[in-house]
Amino acid sequence: MRGHLIKIATHRKRTKLLSLVTLQQSLRRLEMSHKSSPSPELLSDLLRTRSSLKRLLLDDVAKQLLWSRRMFFEKANKLDTLLARSLKPRSKFSSISAVKTVDEVLVNSPQEICAAFTAYYSDLYNHSPHHNLADKSHLDAISSFLDSLSLPHLEDSHITNLSATILEEEVNCAISALGGTKAPGPDGFSGGYYKVLRPELVPFLTAVFNDCAEGGSLHPDLLVANIALIPKEGRDPAAVESYRPISLINFDAKIFAKVLANRLSPLLQDLVHPDQVGFVPNRQLFDNTRRNADLIWWLSSRATPSLILSLDAEKAFDRVEWPFLFATLSRLALPDFYINMVRALYSGMSAQVRVPGSSPIRFPICNGTRQGCPLSPLLFLLSLEPLLAVIRDHPEIRGVQVGGESFTVSAYADDILLTLTDPISSLSHLRPVLSDFGEIAGFRINYTKSCAMPLYMSHTDTASIESGFGFRLAPSELSYLGILLTANPTALYSKNFTAMVRQIKCDLEHWCDKPISWIGRIHSVKMNILPRILFLFQTLPLLLTRRDLAGLQQAIDSFIWQNKRHRVARRILYRPKTRGGLGLPNLYLYYCAAQLTQVVAWHSSASTRRWVALENAFMFPDRPDLYIWLPRASRPILRTTCPSILTSLRLFDLARTKFELMGAPSPLTPLLRNREFPPGLRASDFRGLAGVGLLRYRDLYRNGRLITFSELQERGDLSPSSFFRFLQIRHFATTQMLERISTAPLSTLEHVFMADGPLKGLISRLYLLLSSSPGQWGPLTYCDKWEVDLCDPLPGDEWEDIWEQTSRSSICVTHQEQSYKTLLRWYVTPVSLYRMGVTSSDFCWRDCGEKGTYIHMWWDCPVVRRFWSLVHTEFQKIFHRQLPMDPWAFLLSRPLSVLSRPEQLLFNRRGARVFSLPGLW
């Protein structure tokens with residue numbers, strides 16, 4: 001198989017395989033071998049070869065220079081890698097100069113360093129040699145452990161999908177998802193190679209993958225990996241365990257793993273409990289952070305002695321034992337067809353540590369899931385699920401009891417956080433569970449790095465946790481998933497938001513003197529600052545106001561203008577590009593959008609999001625997904641003071657009233673727990689009707705008529721008493737004349753809230769809705785000024801065309817800026833300078849005798865008119881047709897009806913070139 005791939009590479013990529021360096025080395029060896037007495041013919045051949053080599057090298061250097069110039073022209077100041085690298089501080093890590101061996105001997109030669117890492121990782125990836133398929137007692141222990149658990153099983157339809165033969169379309173999809181610039185494995189073939197040769201390679205790859213399902217194996221060279229070492233921040237660089245191993249596997253193995261991951265990923269929601277949110281589709285990090293913030297508030301409000309425990313897993317991905325992994329896959333009812341493919345990918349694995357200047361030493365791998373393989377995170381979740389199930393179901397490990405449910409464990413991959421009541425007793429039973437699981441699965445907890453935060457515990461119990469169980473104490477705060485959970489819920493703001501603002505302001509001051517263009521600075525905020533802020537907005541339900549964000553927004557403004565005077569109004573700067581602005585992020589609107597995503601999540605099933613079930617219990621007998629749609633006057637008294645719930649309610653009411661994104665009352669207004677309908681305040685009497693979907697105003701009508709009781713009976717069994725309750729609802733609907741409200745179409749925001757399934761780009765969608773709300777930005781004064789100057793008012797859709805064409809005026813941001821500056825009337829004219837008292841004359845600088853207004857300087861001046869006439873003539877020659885001499889088109893890129901779309905794109909390029917010409921201004 002691999003020999004055939006090399007033949008294809010040689011046939012299709014022959015010129016790429018010819019190395020100039022190899023040619024130069026061969027030439028030198030040839031010269032040295034004939035140095036004593038070269039013949040005239042040989043000397044002539046050497047000179048010709050050297051001349052050809054020099055020409056090739058010069059051509060290659062010229063191509064690299066052209067490529068570099070093109071890249072900087074196209075991508076400098078864009079939302080791309082070049083700008084990101086200019087903002088990123090230089091890495092302090094350069095190379096590994098010395099490490100300590102197992103015997104604590106410091107070595108510094110490359111080969112000895114490589115040997116030290118090889119010894120460490122060969123031991124790590126074979127930490128329990130006796131735990132293999134030949135050890136029957138170990139397999140019996142695994143089977144006994146898994147039999148004691150209640151684990152989910154796949155449905156027959158899912159088993160059929162996993163057992164289906166791999167199709168070429170699946171392999172094509174996996175190749176399309178490959179990163180073309182990702183580092184290759186030991187064979188040197190990159191993702192771009194597989195994309196270029198896809199037609200030739202896909203049939204062979206599909207055949208090999210399907211053969212593995214029938215019990216076949218992969219070649220050992222395909223399963224070898226290079227281990228790249230990434231230093232861990234704040235760790236001793238001389239310790240071999242201070243580096244994170246990233247496996248650079250061959251791309252054909254990566255394609256195979258991606259095909260398997262694409263099949264397994266949609267099924268994880270059925271196999272993995274909602275307590276685990278890492279790498280599971282439609283689950284997000286904030287599911288756990290909001291949940292734990294709610295639990296800490298609940299425990300603090302009741303002064304309950306409890307413990308928040310963060311477990312640190314030692315080399316969690318690398319220590320997974322394969323006998324336990326495959327036994328777990330079988331117990332979850334994954335078909336043998338699929339398990340055989342996973343087994344083929346994990347049989348005969350080997351790796352080699354790459355240290356510059358050394359020869360790699362290959363060693364076998366007998367346990368672990370590779371960090372760098374698309375399938376590894378999914379397999380790790382399944383291997384960890386039995387441990388979480390044991391902790392969750394153990395009667396003596398007591399979690400927080402709310403609303404009849406226990407909230408004990410929350411996990412994001414190997415980041416496990418436990419909320420324990422009766423801490424001493426729970427910990428005494430937790431330690432044996434972790435120890436027993438580690439014996440059969442290889443999982444090991446580093447107790448000295450695990451952190452415990454006590455809440456309302458006595459000093460005696462707190463001291464016993466540190467001395468008796470070995471956990472490190474954190475009295476006031478605990479780091480989890482990039483945020484600080486605090487024992488005092490009111491300290492979340494200062495510990496997280498205040499610290500983040502301080503760091504961002506320092507970064508902005510550091511970037512202020514960097515050579516970044518005006519729009520490049522806007523892109524810097526979008527690319528670097530905004531993701532950091534959104535992370536905090538999503539993960540913590542902080543109640544913020546515009547005043548809280550004003551200081552940070554002002555620091556961003558100073559960075560955009562380099563601490564100089566604003567040249568564009570702020571309302572235009574923050575306005576979306578589709579509405580005539582520049583799209584600088586408005587932090588408060590992004591905060592509202594990020595918080596509204598959690599209000600949207602309220603409408604998902606409580607069985608899929610544990611924090612939704614928790615907050616439902618806080619609000620009982622109300623439900624948050626129904627309560628928010630009630631007008632304020634119709635809401636019953638809220639029975640909780642949970643900060644998360646209050647924050648979400650405030651933001652939802654803000655979107656309804658201030659941003660005017662939905663009507664009141666809404667078709668989504670609930671019937672139950674509604675003060676306008678007094679019988680519905682006792683929701684339990686209407687449980688039967690609610691069970692068949694009669695919950696909101698819009699459920700009352702079907703095809704424009706009031707729904708009948710017989711139609712409700714078709715949806716489910718209803719007791720005779722439900723008919724009386726139905727009559728009460730129907731009477732309420734007819735007397736209150738709810739037909740108009742119930743049958744009204746849903747607004748855009750209401751559609752977002754009631755969408756089936758998660759929406760991609762939800763924060764961006766909500767931000768666009770908020771930023772497009774009526775009266776948000778005010779009028780565009782520059783549009784009015786252009787219309788006055790040109791004596792030609794434009795309708796709104798033509799201005800939208802101008803905004804779109806301006807944003808596409810050039811691929812180069814520097815040239816694109818010129819178009820924006822002209823559109824936004826950036827430049828100061830003689831008339832403006834005269835009014836400011838800077839100059840003593842308001843006449844044109846070109847000595848034409850006219851006043852230097854904005855339209856005169858750019859269009860009416862005789863000198864400029866002659867120039868535009870030349871441009872107009874040249875474009876008529878290019879397009880072979882008559883073009884109108886329209887200032888809207890030549891100055892502001894308004895589309896011309898006589899030009900096709902490709903011609904219009906070419907015409908738009910004139911602005912970027914013309915506005916940057918010296919002497920025109």
Side-chain angles (χ1 to χ4, degrees), residues 150-155 157-158 161 264-295 298 332-333 377-378 380-382 384-386 388-389 391-393 399-413 415-417 419 481 538-539 541 594-620 622-629 642 644-645 648 652 668 690-691 693 695 751-763 765-766:
S150 178
L151 295 176
H153 291 76
L154 287 179
E155 299 178 357
S157 59
H158 295 158
N161 294 335
L264 182 60
S265 182
L267 309 180
L268 288 181
Q269 293 191 70
D270 299 325
L271 297 175
V272 179
H273 194 273
D275 285 341
Q276 173 66 266
V277 301
F279 303 107
V280 181
N282 305 330
R283 297 182 190 173
Q284 295 177 302
L285 184 144
F286 76 78
D287 291 337
N288 275 359
T289 55
R290 175 159 178 156
R291 165 189 167 177
N292 285 287
D294 287 346
L295 287 174
W298 174 265
L332 295 173
L378 313 187
F380 176 79
L381 295 186
L382 298 181
L384 187 64
E385 188 61 21
L388 303 184
I391 297 174
R392 188 184 306 114
D393 299 333
V400 182
Q401 300 290 329
V402 182
E405 292 190 52
S406 178
F407 298 87
T408 308
V409 59
S410 57
Y412 187 92
D415 289 315
I416 302 174
L417 193 73
T419 48
L481 297 180
Q538 282 186 283
T539 52
Q595 290 296 318
L596 285 176
T597 58
Q598 302 187 20
V599 180
V600 174
W602 263 347
H603 294 75
S604 58
S605 172
S607 61
T608 60
R609 293 183 185 268
R610 295 282 282 162
W611 67 271
V612 173
L614 180 64
E615 293 184 4
N616 277 343
F618 290 166
M619 291 186 64
F620 186 81
D622 295 303
R623 281 173 43 183
D625 60 320
L626 297 174
Y627 186 88
I628 58 175
W629 296 101
C642 175
S644 302
I645 296 176
S648 296
F652 180 84
L668 302 178
L695 292 170
H751 275 295
V752 170
F753 278 100
M754 303 305 296
D756 294 331
L759 298 173
K760 289 186 178 181
L762 182 56
I763 291 182
R765 186 176 300 190
L766 291 172

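Under the 3.5 Å distance criterion, with hydrogens and angles disregarded, a donor-acceptor pair is assigned to the side chains of Ser410 and Asn292. Side-chain atoms of Trp602 and Asp625 form no donor-acceptor pair, as typed in the model, at a separation below 3.5 Å. Residues Ser648 and Arg290 bring a donor and an acceptor atom of their side chains to less than 3.5 Å of each other.
Arg291 and Asp275 make their closest contact through NH1-OD1, 2.9 Å (heavy atoms, listed as atom of the first residue, atom of the second, distance). For the residue pair Pro541 and Ser644, the shortest heavy atom distance occurs at CG-OG, 2.9 Å. Across all their heavy atoms, Val402 and Ala617 have their closest contact at CG1-CB, 3.6 Å. For the pair Ala606 and Ala613, the tightest heavy-atom approach, listed with the atom from each and the gap, is O-CB, 3.7 Å. Across every non-hydrogen atom of Leu388 and Ala411, the tightest pair is CD1-CB, 4.0 Å. Minimum interatomic distance between Pro152 and Leu332 (heavy atoms only, all atoms of both residues): O-CD2, 3.4 Å.
Counting only distance, with no hydrogens or angles, the side chain of Glu385 and the backbone of His273 share a donor-acceptor pair below 3.5 Å. A side-chain donor-acceptor contact under 3.5 Å links Gln598 to the backbone of Gln538. A side-chain donor-acceptor contact under 3.5 Å links Gln276 to the backbone of Gly278.
Contact check for Glu155 versus Asp270: no side-chain heavy atoms found under the 4.5 Å cut-off. With a 4.5 Å cut-off on side-chain heavy atoms, Thr597 and Gln284 do not count as touching. Put simply, the side chain of Phe279 does not reach to within 4.5 Å of the side chain of Phe380, judged on heavy atoms. In this structure, Tyr412 and Asp287 have side chains that are not in contact, with every pair of non-hydrogen atoms separated by 4.5 Å or more. Proximity of His603 to Ile628: side-chain heavy atoms (C-beta onward) are separated by under 4.5 Å at one or more points. Using a 4.5 Å cut-off on side-chain heavy atoms (C-beta onward), Arg392 and Val409 make contact. Side-chain contact between Leu481 and Thr539 is absent, with no heavy atoms from C-beta onward closer than 4.5 Å. A heavy-atom distance below 4.5 Å is not found between the side chains of Leu762 and Leu596.
The CG atom of Leu668 sits 5.5 Å away from the CE atom of Met754 when rounded to the nearest 0.5 Å. From Arg283, atom CZ reaches atom CG of Asn288 across 10.0 Å, with rounding to the nearest 0.5 Å. In this structure, the separation between CG on Leu267 and CG on Asn161 is 7.5 Å, given to the nearest 0.5 Å. Atoms CD1 and OH, from Ile645 and Tyr627 in turn, are 10.5 Å apart once rounded to the nearest 0.5 Å. In this structure, CG on Leu381 lies 10.5 Å from CG on Leu271, to the nearest 0.5 angstrom. Between the OG1 atom in Thr408 and the CG atom in Leu417 there is a gap of 11.5 Å [rounded to 0.5 Å].
By the 30° and 60° cut-offs, the orientation of the rings of Phe618 relative to Trp298 is parallel.
Salt-bridge formation is not detected for the pair Arg610/Asp294: no Lys NZ or Arg NE/NH1/NH2 atom is positioned less than 4.0 Å from an Asp or Glu carboxylate oxygen.
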**OP:** For side-chain contact (heavy atoms from CB on, under 4.5 Å), just list the numbers for Leu264 and Leu382, CA-CA rounded to whole Å, side-chain angles, deciding distance to a tenth of an Å, and then say yes or no.
**Re:** CA-CA 11 Å; Leu264 182 60; Leu382 298 181; 4.0 Å; yes
